2 protein chains.
Amino acid sequence: MTEWLTTDQQRAWRAYLLGSTLLSERLERDLREKHDLSLAEYEILVRLSESGDKALRMAELADSVKNSRSRITHTVNRLAADGFVVRRQCDSDGRGVIAALTDKGYAKLVDAAPDHVQSVRDALVDLIEEDDLVRLGRAFGAIAERLGSAGPREAGAIRESRRSAETTGDVSRG
Amino acid sequence: MTEWLTTDQQRAWRAYLLGSTLLSERLERDLREKHDLSLAEYEILVRLSESGDKALRMAELADSVKNSRSRITHTVNRLAADGFVVRRQCDSDGRGVIAALTDKGYAKLVDAAPDHVQSVRDALVDLIEEDDLVRLGRAFGAIAERLGSAGPREAGAIRESRRSAETTGDVSRG
DNA sequence: TGTAATCGGTTGAACATTCAACTAGTTGCG
DNA sequence: CGCAACTAGTTGAATGTTCAACCGATTACA
């Protein structure tokens with residue numbers, strides 16, 4: 001027997017549903033208009049830029065942004081077509097493919113990052129109190145932990161190889 | 001000059017980005033698997049069910065779920081193809097089209113709602129403290145207010161015709 | 001009344017995402 | 001070695017979303 005939501009819970013849920021939709025639409029639109037990137041593409045550039053040698057195996061990339069392998073393939077195709085990324089064969093594993101950030105891709109990210117961060121500020125960070133933001137972060141951390149291992153169909157085992165925060169060319173911070 | 005995000009802010013933002021993605025994927029998947037509905041379709045059924053006569057003009061529908069008119073047309077097409085909704089001409093305005101919930105559509109909603117609410121509980125409501133949920137609701141309320149009037153391109157003037165909460169056949173509560 | 005501007009909604013093409021095959025390289029194990 | 005099972009990644013069709021062009025109805029207003 002399902003328990004209904006209380007009025008407060010429903011109110012919060014609906015506010016979230018609306019607000020989060022508007023938020024992602026806004027970020028998506030800003031990025032698209034100013035830099036002709038989707039948020040998914042941007043995220044990939046960020047992950048690559050954060051990895052030691054600015055390159056990652058497709059599967060690592062997929063895991064890090066919680067995308068399906070198929071989606072990563074398609075998205076990397078687009079990024080490669082724009083010259084932001086190049087594919088390389090993996091030496092240690094003949095099946096493997098490595099996506100590497102090009103200089104042009106890095107430059108693109110450096111260009112887009114400040115605007116994106118500004119968008120995040122305008123539409124979220126600067127809108128709510130620091131304390132609430134931290135709580136919000138914790139809440140979604142819990143959600144991610146709960147839902148995480150089961151994401152896109154072929155998410156694979158739970159590899160707890162969290163890469164260290166203070167990596168090299170971190171231009172992201174957004 | 002753009003201000004970067006602090007470590008805490010970035011942490012919160014990234015947790016949100018990941019968590020909210022997983023959350024919506026989960027809800028979407030549950031609804032699709034158990035009831036073969038998308039969240040967008042479900043939302044439309046909910047709005048219709050909440051309106052006095054279980055029918056709304058396309059534009060009202062579009063506004064209420066913050067979708068573009070085009071998207072509403074397409075989605076209502078699908079719902080109509082499934083027999084959950086019927087289109088009707090608007091008497092008072094020759095251009096207008098009214099989407100009306102059918103009995104079958106209402107039954108579908110009654111069937112799906114408990115499962116959907118359970119998903120929302122499992123993936124969000126029951127995962128965080130009541131107080132945090134309320135704060136979260138307020139935060140996204142503020143975001144929605146900030147971003148609201150500018151949403152989908154043709155959102156039209158800011159019509160503050162919020163329909164009263166205690167409408168008739170409210171089966172939604174999710 | 002006539003006509004320009006606007007509104008409500010639809011259409012179809014372009015593009016992104018998902019899903020279910022599929023290819024090819026690798027591992028496990030007799 | 002040889003074969004089965006599995007993993008990495010790609011492919012293409014089906015589906016959903018966006019965008020710009022479009023059509024008919026309505027309004028404004030001379």
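Just the heavy atoms: all of them, side chains too, but no hydrogens, waters or symmetry mates, feed the values below. Chain identifiers are assigned alphabetically (A, B, ...) following the order of the sequence lines, protein sequences preceding nucleic acid strands; residue numbering begins at 1 within each chain. Because the structure is a prediction, the values reported are computed rather than measured.
Ala12(A) meets the side-chain contact (heavy atoms from CB on, under 4.5 Å) test with Leu133(B); sequence neighbours excluded. By the salt bridge (charged side-chain N to carboxylate O under 4.0 Å, His left out) test, Arg88(B) pairs with no residue at all, sequence neighbours left out. Every residue meeting the side-chain contact (heavy atoms from CB on, under 4.5 Å) condition with Asp115(A), not counting sequence neighbours, appears here in chain and number order: Lys34(A), His35(A). Every residue meeting the side-chain contact (heavy atoms from CB on, under 4.5 Å) condition with Arg121(B), not counting sequence neighbours, appears here in chain and number order: Glu3(A), Leu5(A), Gln9(A), Gln118(B), Val125(B), Asp126(B). Scored by the side-chain hydrogen bond (donor to acceptor under 3.5 Å, both in side chains) test, Ser20(A) finds no partners at all (sequence neighbours excluded). Applying the side-chain contact (heavy atoms from CB on, under 4.5 Å) criterion to Asp131(A), with sequence neighbours excluded, gives Arg135(A), Arg135(B).
Closest approach to the Arg78(B) side chain among dA16(C), dT17(D), dT10(C) is made by dT17(D) (side chain taken as heavy atoms from C-beta onward). Counting only heavy atoms from C-beta on, Arg29(B) has its side chain closest to dC19(C) among dG9(C), dC19(C), dG9(D). In this structure, the nucleotide among dG16(D), dT10(C), dA16(C) sitting nearest to the side chain of Arg32(A) is dA16(C).
Considering only side-chain N and O atoms, Arg69(A) lies nowhere under 4.0 angstrom from the phosphate OP1 or OP2 of dT18(C). In this model, the phosphate group of dG8(C) is not approached by any side-chain N or O of Arg57(B) to a distance below 4.0 Å at OP1 or OP2.
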Please write out the pairs of protein N or O atoms and N or O atoms of nucleotides 11-13 of chain D separated by less than 3.5 Å, giving the distance to one decimal.
residue: dT11(D); atom: O4; partner: Ser70(A); partner atom: OG; Å: 3.3
residue: dG12(D); atom: O6; partner: His74(A); partner atom: NE2; Å: 3.2

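In this structure, Ile72(B) atom CD1 and dC19(D) atom C1' are separated by 16 Å, rounded to whole Å. Taking atom CG on Leu39(A) and atom C1' on dT17(C), their separation rounds to 15 Å, with Å as the unit.
Looking at residues 79-95 of chain A, you'll see Arg87(A), Arg95(A) sit with a heavy atom under 4.0 Å from some atom of DNA chain D.
Here the side chains of Val76(A) and Leu61(A) are in contact, with some heavy-atom distance below 4.5 Å.
Among residue pairs with one or both ends in residues 52-88 of chain A, none qualify as ring-ring contact (aromatic ring centres under 6.0 Å, His included); sequence neighbours excluded.
Sequence order on DNA chain C of the closest nucleotides to Ala40(A) and Val97(B) puts Val97(B) first from the 5' end.
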